[in-house]
Amino acid sequence: MSPDHPPGLDLDRLRVLLDRERPGLVTGPLSGRLIEGGRSNLTYAVSDGAARWVVRRPPLGHVLATAHDMRREHRVISALHPTDVPVPRPVLLCEDEEVLGAPFYVMEFVEGTPFRTAEQLAPLGPERTRAAVLNLVDTLVGLHAVDPAEAGLADFGRPDGFLDRQLRRWAKQLDASRNRDLAGIDELHATLGRELPGSPAPTVVHGDYRLDNVLIGGENDEIRAILDWEMSTLGDPLTDLGLLAMYSSPLGMPDSPVSTTAQAPGHPAPAELIERYATRSGRDVSGVAWYTAFAWFKLAVILEGIHYRYTLGQTVGRGFDRIGDLVPVFIEHGLTTLQKG
């Protein structure tokens with residue numbers, strides 16, 4: 001298909017739907033392009049020449065709707081949009097698979113940059129980089145301050161037993177990808193299970209909170225939108241903090257196919273981010289080492305799954321041949337984090 005008609009996006013059918021459900025919204029012929037960088041669901045920018053929107057849908061050919069729940073994503077941004085949490089304005093949810101071949105939703109297009117690597121952050125300079133990352137923490141505090149019941153999200157998840165279910169879920173994922181010995185991963189999982197902390201009061205949890213899942217823009221480099229809510233739920237807010245701390249830690253592997261932004265000049269260290277979160281949220285973060293180690297474990301499992309699919313010839317693209325070398329690094333970081341506390 002042409003760049004203006006990417007696979008998975010039937011612009012003619014989309015136009016018919018929008019004209020019927022949102023009369024007057026579209027004023028000209030639609031064009032669309034796939035937004036690169038998505039790791040799971042497909043994201044398209046759509047324009048009528050005067051305005052722009054974003055369409056989110058599951059991967060092509062995907063049949064497990066529960067893993068790519070468009071209703072869930074649309075519901076959480078619809079609930080959060082009236083609050084101070086920066087999310088795109090929702091436009092429409094379509095669960096009729098006859099339109100695009102899968103459920104999807106439309107939201108406003110938000111200008112901004114998702115910074116994915118230290119190299120992309122470097123042109124901002126140390127002061128702007130530091131301010132942007134600290135603002136990332138402050139925005140997370142704001143998300144966790146939302147009362148789920150007041151936002152209409154009281155039934156958005158099952159917070160009781162949240163950490164135990166998470167640990168079992170990722171252990172199951174690991175078992176599904178086992179085809180080699182991974183020193184230390186069973187020890188990491190077992191230790192996490194033995195030292196399971198008690199959770200604070202549940203909040204809306206993003207589930208994948210990091211710098212490249214937000215859009216930064218404007219003169220003050222403000223966070224204009226938090227994106228990619230597919231893993232959101234009600235649960236332990238410190239899981240978001242632990243993941244953010246993990247992604248703010250240097251991997252110690254030059255030219256890694258999976259990068260963090262930690263090496264950018266001016267990037268605050270994880271300890272400063274944790275302290276800022278504690279000060280601004282008022283939450284006890286004394287057990288954050290467990291949550292950070294769990295984040296290392298979770299990412300090790302995800303990377304091992306990618307490596308496993310690579311060995312089966314099911315992945316295509318650059319860097320997949322080196323993913324397997326990263327897994328022991330993530331395991332070691334997880335074990336070290338637990339040992340240091």
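Because the structure is predicted, anything quoted here is derived from the model rather than measured.
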Q: Only one of E95, E73, R75 passes side-chain hydrogen bond (donor to acceptor under 3.5 Å, both in side chains) with Y105; say which it is.
A: E73
Q.
I'd like to check I323 versus Y310 (side-chain heavy atoms, cut-off strictly below 4.5 Å). Are they in contact?
A. no
Q) With a 4.5 Å limit on heavy-atom distance, are the side chains of P103 and R57 in contact? A) no
Q: Decide whether T191 and E187 meet the rule of one side-chain donor and one side-chain acceptor closer than 3.5 Å.
A: no
**Q.** Distance-minimising heavy-atom pair for Q263 and P250
**A.** NE2-CB, 3.4 Å
**Q.** R13 side chain vs L100 backbone, donor-acceptor pair below 3.5 Å
**A.** no
Q: Sort and list the pairs that fulfil salt bridge (charged side-chain N to carboxylate O under 4.0 Å, His left out) and have at least one residue in residues 99-112, not counting sequence neighbours.
A: R52-E111
**Q.** Closest heavy-atom pair and its distance - L227, P88
**A.** CD2-CG, 3.9 Å
Q. Quick one: does NZ or CZ of R72 land under 6.0 Å from the six-membered ring centre of F156, within 45 degrees of the ring axis?
A. yes
Q. Quick one: which of R22, H74, M107 gives a side-chain contact (heavy atoms from CB on, under 4.5 Å) with L92?
A. R22
Q. Are S177 and Q173 linked by a side-chain donor-acceptor pair shorter than 3.5 Å?
A. no
(Q) Can you confirm whether S47 sits close enough to F109 that some side-chain heavy atom of one is under 4.5 Å from a side-chain heavy atom of the other? (A) no
(Q) Please check this pair: side chain of R280 against backbone of G142, looking for a donor-acceptor N/O pair closer than 3.5 Å. (A) no
Q | Under 3.5 Å: donor-acceptor pair, side chain of D96, backbone of E98 | A | yes
Q. For W229, which of V87, D208, N213, D69 qualifies under side-chain contact (heavy atoms from CB on, under 4.5 Å)?
A. V87
Q.
Less than 4.5 Å apart, side chain to side chain, heavy atoms only: is that true for P237 and R283?
A. yes
Q: With Y291 as reference, evaluate L192, D236, L241, I274 under the side-chain contact (heavy atoms from CB on, under 4.5 Å) test and give the passing residue.
A: D236
Q: Evaluate the side-chain proximity of V288 to Y277: yes if any heavy-atom separation is below 4.5 Å, no if none is.
A: no
Q) Does atom CD of E127 have more than 12 heavy-atom neighbours from other groups under 6.0 Å away? A) no
Q: Determine the minimum heavy-atom distance between L42 and P58, stating which atoms define it.
A: CD1-O, 3.8 Å
(Q) When you compare the side chain of L17 with that of C94, does any pair of heavy atoms fall below 4.5 Å? (A) yes
Q) Any idea which heavy atoms bring G242 and A295 closest together, and the distance? A) O-CB, 3.8 Å
Q: Could you check if a side-chain atom of L134 sits within less than 4.5 angstrom of a side-chain atom of L273, using non-hydrogen atoms only?
A: yes
Q. Considering only heavy atoms from C-beta outward, does the side chain of T43 approach that of V54 to under 4.5 Å?
A. yes
Q.
Tell me whether L243 shares a hydrophobic cluster with F115, the cluster being built from Ile, Leu, Val, Met, Phe, Trp, Tyr side chains joined at under 4.5 Å.
A. yes
Q: Quick one: list whatever passes salt bridge (Lys or Arg N to Asp or Glu O under 4.0 Å) with D175, sequence neighbours left out.
A: R178
Q. Side chain of H206, backbone of D228: donor and acceptor closer than 3.5 Å?
A. yes
Q: Grab the two heavy atoms, one from Y209 and one from L140, that are nearest each other, plus how far apart they are.
A: OH-N, 3.4 Å
Q. So, for P114 and D212, which heavy atoms are closest and what is the spacing to 0.1 Å?
A. CB-O, 3.6 Å
Q.
For residues V110 and I35: do they belong to one hydrophobic cluster (side chain heavy atoms under 4.5 Å, members Ile, Leu, Val, Met, Phe, Trp, Tyr)?
A. no
(Q) Using modelled atom types and a 3.5 Å cut-off, is there a donor and acceptor pairing between side-chain atoms of R224 and backbone atoms of T113? (A) no
Q. Under the 3.5 angstrom rule, does the side chain of D19 hit a backbone N or O of G24 as a donor-acceptor pair?
A. no
Q) Is the backbone N or O of T27 less than 3.5 Å from a side-chain atom of D48, with the two atoms forming a donor-acceptor pair by type? A) yes
Q | Crowding at CZ, R165 (>12 non-hydrogen neighbours, <6.0 Å) | A | yes
